[in-house]
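Keep in mind that what you see is a predicted model, and the values were worked out from it rather than measured.
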Amino acid sequence: MYKPGVIYAEDRSGQRYDLDQLRWRGDDGSPLMISPLPGITPSEIDTAERSLWRYRAAFPVAMDRWISLGEGCTPMLPRRWNDHEVLFKLEWFNPSGSFKDRGVSVMVSSLARQGVKAMLEDSSGNGGSSVSAYCAAAGMKAKILAPASTSAAKILQSRAYGAEVELVPGSRQATSDEAVRQSERLFYASHNWHPFFLQGVKTMAYEMWEDLGFRAPDNVVLVAGAGSSVLGCDIAFSELLRAGQLTRRPKLLVAQPENCAPIHQAFHGGTDELGDTEWSPTIAEGTAIASPVRLPEVVAAIRRSEGDVVAIPEPEIYTATRKLAAMGLYAEPTSATGAAAIERFAEKGHISPGQTTVVVLTGSGLKSADKMADVFAGG
């Protein structure tokens with residue numbers, strides 16, 4: 001059952017579509033969002049459910065059956081980073097080892113409800129392994145397109161779940177372009193495009209709210225490639241404001257690797273448009289997206305929160321990865337980019353003593369064994 005008045009909204013052109021339509025983008029090729037939802041109160045959380053589905057009252061569709069592997073409910077670990085007290089949210093506790101499981105669980109559940117039996121996904125690794133896992137759980141077929149440079153452990157994981165994997169030469173963007181071409185033959189359920197993916201990701205912010213005693217943190221530090229974690233947090237905190245559960249938005253403080261930082265470029269360039277910069281390879285492979293499909297929406301979300309974006313040089317990503325590991329936190333370099341940004345944001349006055357700052361660590365170092373070997377070579 002769809003909630004009254006909830007639709008697919010394509011805000012760039014003003015187009016609207018019914019939720020029962022099987023689509024992944026608007027007729028003009030623009031990405032879709034779910035129209036604004038009212039949010040929930042603490043009494044609407046199903047506390048007997050130990051997964052993100054405890055927040056299903058906040059979803060646009062009422063489902064009595066869903067595809068779950070126990071995703072969500074990840075811990076927030078208090079730690080000191082240099083002179084700053086932060087909470088690291090460990091998203092690698094999700095079943096396939098990354099935050100992508102949140103969005104994929106809700107997306108695949110929605111598509112299964114609509115009768116989809118096979119789907120196509122493009123990914124630099126974590127999204128593909130997550131879609132592969134949830135398709136296996138749902139009894140669906142999955143085809144994953146991934147850059148040829150993707151970490152071998154992530155490719156192995158997708159294949160282990162039974163997915164067909166096709167490696168695409170060239171950049172991460174080349175893989176996305178190939179997926180769009182193949183979408184004419186197989187339903188494209190890209191986590192970067194499908195609006196129900198963001199509905200799952202938003203539960204990360206709902207968890208912060210619940211675990212902090214139903215209050216918001218002051219700051220949320222996120223790593224962004226396509227920016228789904230940024231949009232998920234923006235959606236959830238907007239809903240909680242509508243529901244009267246918050247009085248302010250947390251600042252969304254976003255980190256990208258300097259070698260591939262289109263969101264940083266757009267944000268500080270005062271535009272929503274992509275520049276013509278030639279980006280370089282980065283060890284933070286999960287963020288190497290040169291043309292985020294929702295760039296204007298991501299930039300707007302950061303601005304709405306009075307947040308900021310920083311670009312982190314490769315040596316600082318290496319250092320942060322080693323430093324996290326020395327604390328017992330084996331985070332892949334993509335995740336460590338967020339930790340590397342803590343000092344930058346503090347220097348800019350965004351993180352102050354006494355504030356509550358959540359730093360999201362998106363994925364496990366076990367997923368990127370080759371990249372971790374590069375980080376610790378000779379160490």
Side-chain angles (χ1 to χ4, degrees), residues 74-94 97-100 124-126 151 153-154 204 208 217-225 229-230 250-261 263-264 280-288 307-379:
T74 60
M76 289 198 299
L77 192 68
R79 285 294 182 271
R80 191 171 184 84
W81 186 268
N82 297 334
D83 295 328
H84 314 290
E85 300 292 340
V86 301
L87 294 165
F88 285 116
K89 188 158 180 62
L90 308 184
E91 286 294 290
W92 60 66
F93 275 80
N94 283 297
S98 86
F99 86 99
K100 299 289 177 64
S124 58
N126 285 333
S151 290
K154 295 176 181 178
M204 185 165 60
M208 297 176 199
D218 296 290
N219 313 299
V220 181
V221 179
L222 300 159
V223 178
S229 62
V230 177
K251 284 185 179 179
L252 302 181
L253 304 175
V254 179
Q256 291 203 287
E258 193 174 76
N259 283 11
C260 188
I263 297 171
H264 175 267
S280 304
T282 173
I283 197 166
E285 61 180 345
T287 58
D308 201 355
V309 189
V310 294
I312 306 299
E314 295 293 291
E316 293 182 28
I317 299 174
Y318 279 69
T319 298
T321 305
R322 296 188 192 103
K323 183 171 180 175
L324 285 168
M327 299 166 63
L329 301 175
Y330 197 60
E332 66 175 324
T334 296
S335 295
T337 307
I342 296 170
E343 200 65 50
R344 295 289 193 91
F345 287 126
E347 290 170 357
K348 297 182 78 171
H350 294 305
I351 297 175
S352 303
Q355 291 187 328
T356 300
T357 299
V358 177
V359 182
V360 178
L361 300 182
T362 52
S364 169
L366 296 173
K367 310 252 300 176
S368 299
D370 52 344
K371 302 296 189 294
M372 297 299 279
D374 289 343
V375 170
F376 291 96

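- Within the 4.5 Å cutoff, side-chain heavy atoms of V310 are placed close to those of K348.
- Between the side chain of N259 and the main chain of P281, a donor-acceptor pair closer than 3.5 Å is present.
- A340 approaches I312 most closely through the heavy-atom pair CB-CG2, 3.8 Å.
- Here K89 pairs with E207 under the salt bridge (Lys or Arg N to Asp or Glu O under 4.0 Å) rule; sequence neighbours left out.
- For F376 against A325, the heavy-atom pair with the smallest separation is CZ-CB, 3.7 Å.
- For the pair S98 (side chain) and K100 (backbone), a donor-acceptor distance under 3.5 Å is present.
- Here the closest non-hydrogen pair linking T74 and F93 is CG2-CB, 4.1 Å.
- A side-chain donor from one of N219 and T357 sits under 3.5 Å from a side-chain acceptor of the other.
- Judged as a salt bridge (Lys or Arg N to Asp or Glu O under 4.0 Å), and not counting sequence neighbours, K323 has no contacts.
- Counting heavy atoms from C-beta on, the side chains of E258 and H264 never come closer than 4.5 Å.
- When atom types are taken as modelled, the side chain of E316 and the backbone of P313 share no donor-acceptor pair closer than 3.5 angstrom.
- Among all heavy-atom pairs drawn from D218 and Q355, the shortest one is OD2-CA, 3.3 Å.
- Under the 3.5 Å distance criterion, the side-chain polar atoms of E332 are left unmatched by any main-chain donor or acceptor of S368.
- In this structure, the separation between CE on M327 and CZ on R322 is 16.0 Å, given to the nearest 0.5 Å.
- Side-chain contact between T287 and T337 is absent, with no heavy-atom pair separated by less than 4.5 Å.
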Exercise for the section: Test M372 against Y330 for side chain to side chain contact (heavy atoms under 4.5 Å, CB included), laying out the working first. Expected result: CA-CA 9 Å; M372 297 299 279; Y330 197 60; 3.3 Å; yes
Handout entry: Check against side chain to side chain contact (heavy atoms under 4.5 Å, CB included), L253 and I351
Key = CA-CA 9 Å; L253 304 175; I351 297 175; 3.9 Å; yes
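- When each of L222, V220, I263, V309 is checked for a side chain to side chain contact (heavy atoms under 4.5 Å, CB included) with V230, only L222 meets the rule.
- Here the closest heavy-atom approach between residue E285 and residue K371 is recorded as OE1-NZ, 3.5 Å.
- Counted by atom type alone, T362 and S335 present one or more donor-acceptor pairs between their side chains at under 3.5 Å.
- Side-chain contact check for M204 versus S229: some heavy-atom pair is nearer than 4.5 Å.
- For the side chain to side chain contact (heavy atoms under 4.5 Å, CB included) with L361, the qualifying choice from T334, L90, V223 is L90, the only one to do so.
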Exercise for the section: Given side chain to side chain contact (heavy atoms under 4.5 Å, CB included), test T321 with I283 step by step and report yes or no. Expected result: CA-CA 11 Å; T321 305; I283 197 166; over 6 Å; no
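- Residues A311 and A261 share a closest heavy-atom pair of CB-CB, 4.2 Å.
- Put simply, the side chain of N126 reaches to within 4.5 Å of the side chain of K154, judged on heavy atoms.
- By the 4.5 Å heavy-atom criterion applied to side chains, I317 and P257 are counted as neighbours.
- With contacts defined as side-chain heavy-atom distances shorter than 4.5 Å, the pair M208/V360 qualifies.
- Ring pair W81/F88 is perpendicular by interplanar angle, where above 60° counts as perpendicular and below 30° as parallel.
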